[in-house]
Amino acid sequence: MIYLDNCATTKPDKEVVEVMMKALTDDFANPSSLHSFGLKVEKEIDIARKNAADLIGAQSDEIYFTSGGTESNNIAVHGAIEKNKRRGKKIITSSIEHASIDDQFKHYKELGYEVVYLDVDKTGAVDIEKFKKEMNEDTILVSIIYVHNELGTVNNVKEIFEIAKSVNKNVFCHVDGVQSVGKIPVNVKEIGCDTFSFSSHKIYGPKGMGGLYKKRGVNIDSLVIGGGQEKGLRSGTENVPGILGFGKACELTKRDLEKRLDHAREIKEYLLEKLNNNLEDYKINTPENATNFIVSLSILDIRAEVLLHYLEGDEIYISTASACTSNGTHKSTTLKQIGLDDKYAEGTIRICTSKDTTKEDIDVFVEKLVEYVDEIRKIMR
């Protein structure tokens with residue numbers, strides 16, 4: 001099997017699975033219990049929280065465990081708007097956000113909020129000049145994706161938030177950082193955000209786990225009312241195996257980050273070289289200064305869905321867009337927003353490598369890709 005859909009999810013690391021199995025079989029106590037067994041598990045959660053904090057340059061007490069990036073985004077966006085709704089009704093995001101952000105902004109637009117969707121350039125980066133014109137004292141929230149989930153584009157969120165805070169010091173700044181953690185170095189203090197969402201299953205941890213960074217002194221209301229877990233921001237009995245697995249994944253990601261980034265760059269360069277030497281009539285949508293883990297590839301005169309199914313017959317797995325849009329529940333607007341011609345857009349696939357991807361994997365993938373593109377083009381043309 002050659003798995004190149006690592007933006008959708010990654011294979012859990014062996015050490016992560018071992019930690020989770022131990023939590024399921026041995027350390028199964030409820031961390032809210034007062035006895036020593038529960039306190040032991042609570043201390044293990046504290047270690048996991050520190051690992052998550054260290055990975056993104058935060059403090060342990062600024063990290064809250066959630067069910068994933070979508071919940072983290074919801075807590076942050078909803079909490080920010082509810083907190084600041086008396087200050088103004090203007091909220092700003094980009095035109096190519098993940099569905100977990102985009103759908104919330106659509107919801108608040110229906111409720112009468114002034115929603116601004118910032119244009120992006122041909123690389124998918126936010127138009128900062130337009131942002132300067134839109135940002136004013138009535139703006140209560142700015143939410144920007146850090147690394148784009150389809151293109152790999154890295155937004156200059158630090159500059160955007162510096163501009164925002166210079167205009168309105170009370171504006172709430174949120175980052176969807178799900179595709180950034182583990183793919184580029186991340187430091188939330190340098191970014192200057194109020195909240196930052198990230199996810200376990202993007203960094204070789206378990207699904208159903210995520211984190212929300214909330215800056216000290218920032219207060220937002222919870223979406224869930226209950227037993228007061230996670231300092232009241234996310235009540236409910238803790239998913240101990242998930243949290244400990246996530247914590248281990250964070251630990252390993254921080255430890256091996258430089259090695260993983262170097263490997264990703266080497267694999268991407270090799271992939272682009274192979275494509276250049278073997279494939280005709282295609283475009284690379286991912287900019288040069290993007291993360292090296294994501295390549296958006298548009299191929300002329302094919303249908304991406306057809307190509308995907310050809311490849312999966314050889315157990316080669318790719319995506320046609322982000323996993324949250326390709327299943328039909330959301331239609332990706334990214335390619336339209338960056339101005340890609342329809343004849344290329346319909347042949348767009350996303351290749352996402354991992355720490356385990358080899359050059360041999362790329363050799364087989366490109367060989368089969370070229371073979372099936374030729375077959376499909378004979379039919380299409």
Side-chain angles (χ1 to χ4, degrees), residues 45 49 52-53 56-94 97-116 135 137-146 157-158 160-161 164-165 167-178 180-181 186-189 191-200 209-236 238-239 243 246:
I45 289 177
R49 198 183 307 277
I56 64 170
Q59 300 298 315
S60 293
D61 63 353
E62 297 174 310
I63 298 297
Y64 300 80
F65 291 120
T66 70
S67 65
T70 293
E71 184 184 6
S72 294
N73 281 335
N74 271 263
I75 292 172
V77 170
H78 182 74
I81 293 174
E82 284 299 304
K83 175 188 176 183
N84 294 305
K85 61 185 178 183
R86 291 179 180 84
R87 295 180 182 271
K89 303 264 296 188
K90 187 173 185 177
I91 55 179
I92 300 176
T93 191
S94 84
E97 292 288 316
H98 185 271
S100 62
I101 293 292
D102 187 54
D103 283 358
Q104 287 190 83
F105 274 72
K106 289 176 180 176
H107 168 73
Y108 280 104
K109 186 174 184 179
E110 292 175 355
L111 295 180
Y113 283 78
E114 180 186 356
V115 177
V116 175
M135 181 65 208
E137 292 186 353
D138 293 327
T139 305
I140 60 172
L141 169 66
V142 177
S143 179
I144 301 293
I145 196 167
Y146 198 176
V157 290
K158 179 181 180 181
I160 292 169
F161 295 155
K165 295 286 187 179
V167 175
N168 178 4
K169 65 179 182 179
N170 294 313
V171 67
F172 195 102
C173 296
H174 173 64
V175 177
D176 176 356
V178 169
S180 64
V181 176
V186 172
N187 187 305
V188 292
K189 300 301 182 182
I191 292 169
C193 55
D194 295 296
T195 50
F196 180 101
S197 60
F198 56 122
S199 182
S200 166
M209 274 306 308
L212 176 68
Y213 158 79
K214 182 171 72 68
K215 184 180 177 181
R216 281 179 182 171
V218 170
N219 296 310
I220 55 177
D221 292 334
S222 171
L223 295 178
V224 179
I225 307 301
Q229 290 87 350
E230 294 301 297
K231 291 178 284 186
L233 188 65
R234 207 269 183 176
S235 292
E238 294 91 340
N239 173 9
I243 289 173
F246 183 24

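Since we're looking at a predicted model, the values are computed, not measured.
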Across all chains, not counting sequence neighbours, the side chain to side chain contact (heavy atoms under 4.5 Å, CB included) partners of Ser197 are Ser72, Asn73, His174, Asp176, Val178

Those residues at least two apart in sequence (or on a different chain) that pass side chain to side chain contact (heavy atoms under 4.5 Å, CB included) with Lys109 are Val115

Counting N and O atoms only, with roles assigned by atom type, does the side chain of [X] sit under 3.5 Å from a partner on the main chain of [Y], one being a donor and the other an acceptor?
X      : Y      : value
Glu97  : Ile145 : yes
Thr66  : Gly68  : yes
Glu230 : Phe65  : yes

Tell me the closest heavy-atom pair linking [X] and [Y], and the distance in Å.
X      : Y      : result
Tyr64  : Arg49  : CA-NH1, 4.1 Å
Lys165 : Gly192 : CE-O, 4.5 Å
Ile220 : Ala80  : CG2-N, 4.0 Å
Ile63  : Ala58  : CD1-CB, 4.2 Å
Cys193 : Tyr213 : O-CE2, 3.8 Å
Ser200 : Phe246 : CB-CD1, 3.4 Å

To the nearest 0.5 angstrom, please state how far the [atom1] atom of [X] sits from the [atom2] atom of [Y].
X      : Y      : atom1 : atom2 : result
Ser94  : Asp102 : OG    : CG    : 8.5 Å
Asp221 : Ile81  : CG    : CD1   : 13.0 Å
Leu233 : Ile75  : CG    : CD1   : 5.0 Å
His78  : Glu71  : NE2   : CD    : 12.5 Å
Ile191 : Ile144 : CD1   : CD1   : 12.5 Å
Thr93  : His98  : OG1   : NE2   : 12.5 Å

Got more than 12 heavy atoms from elsewhere within 6.0 Å of CD, Glu137? no

| message | Using a 6.0 Å cut-off, check whether atom NZ of Lys215 has over 12 heavy atoms from anything other than its own residue. | response | no

Per side-chain contact (heavy atoms from CB on, under 4.5 Å), Phe172 is matched among Thr195, Val77, Ile140 by Thr195

Subject >> Chi angles and distances behind the side chain to side chain contact (heavy atoms under 4.5 Å, CB included) call for Lys83, Asn170 >> reply: CA-CA 11 Å; Lys83 175 188 176 183; Asn170 294 313; over 6 Å; no

| query | Does the gap between the ring centers of Tyr146 and Phe198 come in under 6.0 Å? | reply | no

How about [X] and [Y]: do any of their side-chain heavy atoms sit closer than 4.5 Å?
X      : Y      : answer
Val171 : Val142 : yes
Phe196 : Val181 : yes
Tyr108 : Lys89  : no
Arg234 : Val224 : no

Under the side chain to side chain contact (heavy atoms under 4.5 Å, CB included) criterion, do Lys85 and Tyr113 qualify, and how do the steps go? CA-CA 9 Å; Lys85 61 185 178 183; Tyr113 283 78; 3.3 Å; yes

So salt bridge (charged side-chain N to carboxylate O under 4.0 Å, His left out) across residues 57-68, not counting sequence neighbours, yields Asp61-Arg216, Glu62-Lys189

